[in-house]
Amino acid sequence: MKIVIGIFLFFLCFSQIHAQKCNVDSGFRGSRFLIYNEQRHLVKLFKNINELPENVRSRLYLYLNKRLGVKFAKKLKFDEGQYLNLEQLRKEFLKQHEGNVQLGAYALTFHFSDKSNGLKYYFTQLTLGADGSIKEEINLPEIAANPVKAKIISCKTALSIAEKHGFPKEYQSITFEYSSEQDSFIWVVTDNRESKPDDSSSGNNAILILIGHIFNKIAINANDGSVIKNIKIALRFNYVSNF
């Protein structure tokens, strides 16, 4: 267990150092389904979106164009997909079927870039039913209804804003996220010095608790640079499947 924690902390620190260069690689990727080794034979991994049934693919494109607009939808690059045979799962592992049925049959991962603003990649996922119906929305703003949400301030600008709010430049790391509360992209800057539960001197609006350690974080609206108060920031572990 100590080795696992050590490896995780190493990669966390590495990603923070990497992010300081404003070449941010962020978002969620990996397995979405709640399965174990015994059920892996029921999951198919695919790298080509054309492997989706035509009716599923058509409904997916209609959804993405409606939510994101045609222009932004074209920026999305398909990363990988997983198909879970729910019918067979129900027959072989009823308990696991009950835990997965609400997620649907397809988990699809996409990414996009905005390298001019310091975003190397942002990964995001959605899940579909076997008929192509949306089970879990994609973690991207409704850009079709509000195109300004596609335009983001740069990573460097976000770091400068955080510095003005008490996040010293030499201790900063940054990630790019989507806030469903704001329906906006946000830059999240962390002060990598360990903090205390009652430490509010940095003007932070959230804290991150990681394996008994506390770090101050600040969320910045990626559209207009405003600091977002009282936002929930969740740490997501990226799990890369072995399929």
Side-chain angles (χ1 to χ4, degrees), residues 8-29 68-69 72 75 111-124 138-143 145-238:
F8 173 76
L9 289 175
F10 169 79
F11 281 107
L12 177 68
C13 292
F14 177 83
S15 65
Q16 290 173 342
I17 293 171
H18 186 66
Q20 287 177 344
K21 300 177 181 179
C22 279
N23 193 26
V24 177
D25 183 347
S26 194
F28 177 79
R29 71 200 82 164
L68 307 175
F72 192 89
K75 293 180 62 177
H111 69 268
F112 76 93
S113 303
D114 191 342
K115 294 182 180 179
S116 63
N117 284 311
L119 180 64
K120 182 180 180 181
Y121 296 117
Y122 175 69
F123 289 84
T124 183
I138 196 166
N139 281 329
L140 296 172
E142 294 191 51
I143 294 171
N146 194 354
V148 71
K149 290 183 178 291
K151 299 178 180 179
I152 66 172
I153 62 173
S154 71
C155 165
K156 291 182 179 179
T157 298
L159 290 173
S160 295
I161 294 170
E163 187 175 12
K164 293 176 181 178
H165 284 80
F167 285 70
K169 185 176 182 180
E170 61 270 29
Y171 299 111
Q172 292 175 340
S173 63
I174 187 168
T175 59
F176 186 82
E177 308 293 344
Y178 167 71
S179 167
S180 58
E181 298 170 90
Q182 304 286 322
D183 188 37
S184 294
F185 291 126
I186 59 175
W187 289 106
V188 180
V189 181
T190 301
D191 184 335
N192 294 318
R193 298 173 298 176
E194 187 174 357
S195 184
K196 298 178 181 179
D198 59 350
D199 182 4
S200 59
S201 60
S202 62
N204 62 296
N205 60 84
I207 60 172
L208 168 67
I209 301 177
L210 175 62
I211 316 177
H213 301 280
I214 299 175
F215 301 92
N216 289 321
K217 304 176 80 70
I218 186 170
I220 299 166
N221 187 299
N223 298 133
D224 59 20
S226 60
V227 174
I228 304 171
K229 301 292 185 181
N230 302 317
I231 193 171
K232 297 177 182 178
I233 301 173
L235 176 68
R236 301 185 100 174
F237 293 87
N238 287 347

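Shortest non-hydrogen contact noted between Lys120 and Lys115 is O-CE, 4.1 Å. The shortest non-hydrogen separation linking Ile220 to Ile228 is C-CD1, 4.3 Å. Taking both residues in full, the closest heavy atoms of Val24 and Cys155 are given as CG2-SG, 4.2 Å, listed atom of the first, atom of the second, then distance. The two residues Ala158 and Val189 have their closest heavy-atom pair at O-CG2, 4.3 Å. When all heavy atoms are compared, the tightest approach of Ala150 to Asn223 is N-ND2, 4.5 Å. Here the closest heavy-atom approach between residue Thr190 and residue Phe215 is recorded as CG2-CB, 3.9 Å.
In this view, Ser226 and Asp224 satisfy the side chain to side chain donor-acceptor pair (under 3.5 Å) rule, not counting sequence neighbours. By the side-chain contact (heavy atoms from CB on, under 4.5 Å) test, Lys156 is found to be paired with Cys22, Ser154, residues two or more places apart in sequence or in another chain being considered. Applying the side chain to side chain donor-acceptor pair (under 3.5 Å) test to Ser116 and every residue at least two apart in sequence or in another chain returns Asp114. For Pro168, the side-chain contact (heavy atoms from CB on, under 4.5 Å) test picks out Glu170, Tyr171, Asp191, Arg193, with sequence neighbours left out. Taking the side chain to side chain donor-acceptor pair (under 3.5 Å) definition, one finds that Asn221 meets it with nothing, sequence neighbours left out. Not counting sequence neighbours, the partners of Asp183 by the side-chain contact (heavy atoms from CB on, under 4.5 Å) test are Arg67, Pro141, Glu142, Lys149, Tyr178.
Side-chain contact check for Ile161 versus Trp187: every heavy-atom pair is 4.5 Å or farther apart.
Considering OG of Ser184 and CG of Leu140, their distance stands at 12.0 Å, rounded to 0.5 Å. Note that OG of Ser26 and NE2 of His111 are 13.5 Å apart. Values are rounded to the nearest 0.5 Å. Lys164 NZ to Ile218 CD1: the interatomic distance, rounded to the nearest 0.5 Å, is 12.0 Å.
By the 30° and 60° cut-offs, the orientation of the rings of Phe72 relative to Phe112 is perpendicular. Using the six-membered ring where Trp is involved, Phe185 and Tyr122 have ring planes that are perpendicular, over 60° apart on the 30 and 60° scheme.
Put simply, the side chain of Glu177 never gets that close to the backbone of Val188: no donor and acceptor are under 3.5 Å apart.
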task = Any chance you could lay out the side chain to side chain contact (heavy atoms under 4.5 Å, CB included) test for Asp25 and Phe123, step after step, and finish with the verdict?
result = CA-CA 8 Å; Asp25 183 347; Phe123 289 84; 3.5 Å; yes
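Other residues, nucleotides and ligands contribute at most 12 non-hydrogen atoms within 6.0 Å of the NZ atom of Lys151.
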